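If you're wondering where the values come from, they're calculated on a predicted model, not measured in any experiment.
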Amino acid sequence: MFDFLKRSQLIKRGLASRKTRRRRSTNELLHSLEYAPYIKWFIFAAFIAGIAFLIFSGQQPEPTKNFVIALLFFATALTQLWINQPKTFVRSSRLLLVFGVILVQLAATKLVLILCNSGNYSFLRPETVGLIAPYAFAPLALSVLLGRNHGLYASVFVSLWSSILFGKVDAPLLVCGLISGFTAVYLTLQVRRRSRLIRAGLGVGVAIWLLSLTFGIIGPIDLFSSGGTDWKMIGIQSALAVGNGILTATIVGGILPILENLFKITTDISWLEASDLNHPLLRRMTIEAPGTYHHSLVVANLAESAAEAIGANATLCRVCSYFHDVGKLVKPDYYTENMNFERNPHDDLAPTMSALIIIAHVKEGVDLALKHGLNRQIIDIIQQHHGTSMVYYFYKRALQQQDDARTGGKIMNLREGDVPEVREETFRYSGPKPQTKESAIISLADMVESASRSLEKPTPQKIEQLVSELIGQRIADGQLVECDLTLADLNTIAERFRFTLMTMLHTRIAYPKQDAKITMLRDDGAQPDVMAGTRKPESAPPVSAA
């Protein structure tokens, strides 16, 4: 309340703006629930209760023994997750996603088992369970949402739990579950289109079909007698096996958007959909800040190439690079890439005011991103792509003005305290520093691309020196201490930057000038020789290559 009154007074006096930037609001309740230990124990208890219900329901031999085995598998699963995926283990939402998807697959398997054993459906027999059990549901979903390690994790443990649901552990069904799950993960290492999920489902279906043939689930097949094989039944069983994988992939593709929204996860499919350059902010940038738009496209190429080289999320880097400088739309003329040749608006401003305008593009970018509902990871990278680095040009300019003021003060007998103080904090971005590999890559690509424009007659040696010096400066300034990049990663990133910049900044030969007027046809109707009278440079390419 008092802050509002103070702000109103400042606005009346002309010392504050009426504009209020949007800020990201953090829900303290959700944050506390995300990391609360009792929420994790509730998820574990709910999963155990679900397993118990599935095992003890129906006519199953020795359910208590099977439940004890399931508990041992659960203890092993928790230990494995705690050791290999600590970031997932500490977050309640991730645990809910992993064990929730696994429990859904187990429930679907139990339902299929009950239907096949009921005898109410002529085409569903007890031996059909091995063909239509949804082996790949959890591996497919978790591989696309959380990565291949989570997919492999789900494949192993969901197969173990599923084997218990059949009563005695059935080795062929266990092997079918493992191999089909591994196949699903292998075929979804990079899913950028939803059609790739269907291809993965087809691969899973073929794997189930081959394994079913191998273990005799499909059949029997008697190749030595003419009437000993029911080929119609073989065809139906084969269709069920292949259709199992395709149907599972179709269901996963349908529920992926729901899971993404519920658990705040963005897959490569969604990133690719977000890379549409017709977004209103990008279209505004092409008109109001064309230099910034071109700069963003080049940064996207640099960042994507470097991310692919070190195994980071290249699609995320490309999309976030498009929007990282969107805050420059507020005052586009104050940034070098958008300035005209007639006037530099910073000539009329003090260095501190110029730095304030430059630094403000980060906050303005967050404001615009929130207004247009951009992905939270894009907002994170907008905030982090400059870290706490310094606007060095205006800082040096302020120091020079301070030295000039001190020199003039000595002549005019001014006191030292009358000379304005230059504080380094005034010329630094508010941060935070890059927190992820992708954020650090975009930060480095942004810096390298901007600096490369100042190179005169760029050569491979100049580009290599520039890239090495700039990355070294960021390391020395401590801007990369909070991300996961190693020195080997930085070396690989530098190599990719050098290669990409050399292909973009290559020089062309000087072509000979053409005559102002060229007669298209001579009197005899033949075409003139346009190179006649002009000596072709020795290094010139053929005309077809120009």
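- The environment of OH in Y186 is sparse: at most 12 heavy-atom neighbours from other residues, nucleotides or ligands sit within 6.0 Å.
- Counting all heavy atoms, side chain and backbone alike, H295 lies closest to S450 at CE1-OG, 3.4 Å.
- Counting heavy-atom neighbours within 6.0 Å of W271 CH2, excluding the residue itself, gives a total above 12.
- Q479 and S443 are not linked by any side-chain donor-acceptor pair at a separation below 3.5 angstrom, with hydrogens and angles left out of the test.
- The two residues V185 and G151 come nearest to each other via the heavy atoms CG2-C, 3.5 Å.
- Across every non-hydrogen atom of T436 and C483, the tightest pair is O-CB, 3.6 Å.
- When ring centroids are compared, F74 and F47 come within the 6.0 Å threshold.
- Note: H150 NE2 to R94 CZ = 8.0 Å, rounded to the nearest 0.5 Å.
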With a cut-off of 3.5 Å and sequence neighbours excluded, list every side-chain donor-acceptor pair involving residues 49-58.
{"from": "S57", "atom 1": "OG", "to": "F53", "atom 2": "O", "distance (Å)": "2.8"}
{"from": "S57", "atom 1": "OG", "to": "L54", "atom 2": "O", "distance (Å)": "3.3"}

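- Listed here is the closest heavy atom pair of I217 and C176: CD1-SG, 4.3 Å.
- Of the possible donor and acceptor atoms, one in the side chain of N313 sits under 3.5 Å from a partner among the backbone N and O of L316.
- Side-chain atoms of D489 and T486 form a donor-acceptor pair, as typed in the model, at a separation below 3.5 Å.
- The two residues G387 and P434 come nearest to each other via the heavy atoms CA-CD, 4.2 Å.
- Aromatic pair H361/H385: ring centres closer than 6.0 Å.
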Full working for side-chain contact (heavy atoms from CB on, under 4.5 Å) between L97 and T88: CA-CA 10 Å; L97 175 62; T88 298; over 6 Å; no
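- Heavy atoms of other residues, nucleotides or ligands lying less than 6.0 angstrom from CZ of F67 number more than 12.
- The closest donor-acceptor contact from the side chain of S389 to the backbone of H386 lies under 3.5 Å.
- Every residue two or more places apart in sequence or in another chain was checked for a side-chain hydrogen bond (donor to acceptor under 3.5 Å, both in side chains) with R199, and none qualifies.
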I132 and L247: CA distance, side-chain angles, deciding distance, side-chain contact (heavy atoms from CB on, under 4.5 Å) verdict: CA-CA 10 Å; I132 61 176; L247 180 61; over 6 Å; no
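- For the residue pair E34 / S93, a side-chain donor-acceptor distance below 3.5 Å is found, with atom types taken as modelled.
- Between the CG atom of D446 and the CG atom of L470 there is a distance of 11.0 Å, given to the nearest 0.5 Å.
- Atom CD1 in I164 sits 9.5 Å away from atom CG in L106 (nearest 0.5 Å).
- Between Y153 and F157, the distance separating the two ring centers is shorter than 6.0 angstrom.
- The closest side-chain donor-acceptor pair between R376 and T266, if any, does not fall under 3.5 angstrom.
- Residues R428 and D477 are paired through a salt bridge, judged by an N-O separation under 4.0 Å between the basic side chain and the carboxylate.
- Counting non-hydrogen atoms of neighbouring residues, nucleotides and ligands closer than 6.0 angstrom, the OH atom of Y35 exceeds 12 such neighbours.
- At least one side-chain heavy atom of L187 sits less than 4.5 Å from a side-chain heavy atom of T183.
- Annotation: side chain of L501 is in contact with side chain of L302 (closest heavy-atom distance under 4.5 Å).
- Atom CZ of R148 is surrounded by 12 or fewer heavy atoms from other residues, nucleotides or ligands within 6.0 Å.
- Note that CG of N301 and CZ of F497 are 11.5 Å apart. Values are rounded to the nearest 0.5 Å.
- Environment of CG in L487: sparse, with no more than 12 heavy atoms of neighbouring residues, nucleotides or ligands closer than 6.0 Å.
- In this structure, CG on L174 lies 10.0 Å from OH on Y135, to the nearest 0.5 angstrom.
- A salt bridge between D268 and R194 is absent, with no side-chain N of the basic residue lying under 4.0 Å from a carboxylate O of the acidic one.
- Between the side chain of S275 and the backbone N or O of L272, at least one donor-acceptor pair lies under 3.5 Å.
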Stepwise side-chain contact (heavy atoms from CB on, under 4.5 Å) test for Q105 and I102: CA-CA 5 Å; Q105 177 173 332; I102 289 176; 5.9 Å; no
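- With ring centers used as reference points, F323 lies under 6.0 Å from H279.
- Side-chain atoms of W161 come within 3.5 Å of backbone N or O of A70 as a donor-acceptor pair.
- When atom types are taken as modelled, the side chain of N244 and the backbone of L131 share a donor-acceptor pair closer than 3.5 angstrom.
- Remark: the S321 side chain and the S296 side chain contain no N/O donor-acceptor pair separated by less than 3.5 Å.
- Minimum interatomic distance between Q85 and N149 (heavy atoms only, all atoms of both residues): NE2-CB, 3.3 Å.
- A donor-acceptor contact shorter than 3.5 Å links the side chain of Q435 to the backbone of K433.
- No hydrogens or angles considered: a donor-acceptor pair under 3.5 Å links the side chains of S439 and Q384.
- Between atom CD1 of residue I269 and atom CZ of residue R196 there is a gap of 10.5 Å, rounded to the nearest 0.5 Å.
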